[in-house]
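What you see is a predicted model, and the numbers here were worked out from it, not measured in a lab. One-based numbering along the sequence shown.
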Amino acid sequence: MDRRNLLPIGQFSQASGLSITALRHYDASGALVPAFVDPVSGYRYFRRDQVRTAQSIRALRQLDIPVEEVRRLLGGGEEELAAALRAHLRAAERRLEVQRSVVHSLLSRLTEGAGMTHRVTVRQGTAERILVRGATLDNSDLHAFLRAAYQEMYEVAGRGPLAFTGPAFVRFHGVCDDENETLVEACLPFWEDGAQPTDLPEGMTVRDLPESTLACTTVEGTAAAYPQILGAYDAVADWITDHGFSFAGPVRLVYRRWTGTPDHPDNHLEIAWPIDEPAGD
């Protein structure tokens, strides 16, 4: 073995910016395998052209990309690596947007209180018959699911044709954000005494919702986009708990006016949470 083109692990560590311990770890994981290992001493040697690979590994790990993913990316081509980096950047910008919104929401609570930002009212919800399409997902898949679900439901409604009795709405059975999945139901209310849907696609059902009392607030424009809208959910939840009511079902997102674009200034949405009367003493 001609070692003139090789760097011992100590020098390679200095050139790459990776510690000797890290280099041993990346060797064991297969992410950066030495060009030569002395069979007697076990000392590791690396080719000089491996320095750039090691520097790339250091940069990728600084982005919190797991070692196994680093190994896979470096084993692919430059186009795959570039695409992965762009996707990582978009995700990082998304996380920053969420964090910025959360900080602003907390600051608003400290200075104004949630009730000053979102006025909560109570209204009576009528019994409704609805078309329902559900899926378990997180926020990253929410918009695409709802777009496809409503397109399919409006096609079914048009064959009736069904007579709509109110705006479309979504029911969330739990937290739906970038870290949590929950059952999400796209709902389309129609007149129960009129035409009824037939030949429903698999996964689409008809359901009857009873009358309910709803604690509500409205959001418009950019305030109706995620993650800004989370503050509205919190405001309604705070109002319900502060006034001694019980949560009586999944929270609803009602499309009072919807352009199809999440952050459009003309959007007008309503957060409506079913509640029960305050418990007695």
Side-chain angles (χ1 to χ4, degrees), residues 86-87 89-123 125 128 130-131 133 135 137-155 157-158 164-172 174-180 182 184-190 214-240 250-274:
R86 284 191 288 267
L89 179 60
R90 288 193 297 270
E93 291 173 339
R94 183 66 169 165
R95 288 193 299 271
L96 179 60
E97 180 184 354
V98 171
Q99 291 171 353
R100 183 181 292 112
S101 178
V102 170
V103 169
H104 285 316
S105 177
L106 289 172
L107 288 173
S108 177
R109 283 170 173 265
L110 291 172
T111 58
E112 301 177 6
M116 297 293 292
T117 306
H118 300 282
R119 179 174 175 267
V120 178
T121 60
V122 176
R123 67 175 175 86
E128 293 180 296
I130 57 174
L131 272 179
R133 163 72 83 183
L137 41 78
D138 63 18
N139 182 70
S140 64
D141 297 321
L142 179 61
H143 184 62
F145 162 71
L146 292 176
R147 180 182 293 275
Y150 281 116
Q151 179 178 356
E152 188 176 31
M153 286 195 291
Y154 280 119
E155 290 175 357
F164 301 131
T165 57
F169 60 92
V170 184
R171 301 208 309 168
F172 295 95
V175 177
C176 182
D177 57 21
D178 292 335
E179 298 179 354
N180 298 280
T182 192
V184 176
E185 293 177 324
C187 305
L188 193 60
F190 64 95
L214 301 164
C216 310
T217 193
T218 58
V219 284
E220 298 181 346
T222 57
Y226 181 88
Q228 292 87 342
I229 196 173
L230 295 178
Y233 287 100
D234 289 346
V236 178
D238 288 348
W239 187 94
I240 294 171
V251 63
R252 304 178 188 180
L253 177 65
V254 184
Y255 294 102
R256 294 295 177 186
R257 185 170 62 247
W258 178 247
T259 64
T261 304
D263 57 353
H264 196 282
D266 291 336
N267 289 338
H268 185 109
L269 307 182
E270 178 187 54
I271 310 299
W273 217 314

Would you mind writing out the side-chain donor-acceptor pairs for residues 137-145 within the sub-3.5 Å range, not counting sequence neighbours?
{"unit_1": "D138", "atom_1": "OD1", "unit_2": "S140", "atom_2": "N", "d": "3.1"}
{"unit_1": "D138", "atom_1": "OD1", "unit_2": "S140", "atom_2": "OG", "d": "2.5"}
{"unit_1": "N139", "atom_1": "ND2", "unit_2": "D178", "atom_2": "OD1", "d": "3.3"}
{"unit_1": "H143", "atom_1": "NE2", "unit_2": "R147", "atom_2": "NH2", "d": "3.2"}

What pairs with E185 under salt bridge (Lys or Arg N to Asp or Glu O under 4.0 Å), at least two apart in sequence or on another chain?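 Residues passing salt bridge (Lys or Arg N to Asp or Glu O under 4.0 Å) with E185: R171, R207.
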
The salt bridge (Lys or Arg N to Asp or Glu O under 4.0 Å) partners of R123 (sequence neighbours excluded) come to E270

Looking only at heavy atoms, which two atoms of [X] and [Y] are closest? And how far apart?
| X | Y | value |
| --- | --- | --- |
| A235 | V120 | O-CG2, 4.0 Å |
| V254 | A272 | CG2-CB, 4.3 Å |
| P262 | N267 | O-ND2, 3.3 Å |

[X] (side chain) donor-acceptor with [Y] (main chain) under 3.5 angstrom:
| X | Y | value |
| --- | --- | --- |
| T259 | T261 | yes |
| T217 | R119 | yes |
| D266 | W258 | no |

How would you list, by chain and number, every residue that makes a side chain to side chain donor-acceptor pair (under 3.5 Å) with H268, sequence neighbours excluded?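 Once residues adjacent in sequence are excluded, the partners of H268 under the side chain to side chain donor-acceptor pair (under 3.5 Å) criterion are E220.
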
Residues passing the side-chain contact (heavy atoms from CB on, under 4.5 Å) test with D177, sequence neighbours excluded, are V175, E179, N180, Y226

Can you list everything that forms a side-chain contact (heavy atoms from CB on, under 4.5 Å) with A168? Sequence neighbours excluded, please. Y150, Y154, L188, Y255

Could you tell me the separation between the [atom1] atom of [X] and the [atom2] atom of [Y], rounded to the nearest 0.5 Å?
| X | Y | atom1 | atom2 | answer |
| --- | --- | --- | --- | --- |
| L269 | R256 | CG | CZ | 10.5 Å |
| C187 | E128 | SG | CD | 9.0 Å |
| I229 | T222 | CD1 | OG1 | 11.0 Å |
| I271 | L214 | CD1 | CG | 12.0 Å |
| F190 | L131 | CZ | CG | 5.0 Å |

Please examine the side chains of P189 and F169, heavy atoms only from C-beta on, and report whether any two atoms are closer than 4.5 Å.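 Yes. Closest side-chain heavy atoms under 4.5 Å.
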
Non-hydrogen side-chain atoms of W273 and W239 separated by less than 4.5 Å: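 No, their side chains stay 4.5 Å or more apart.
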
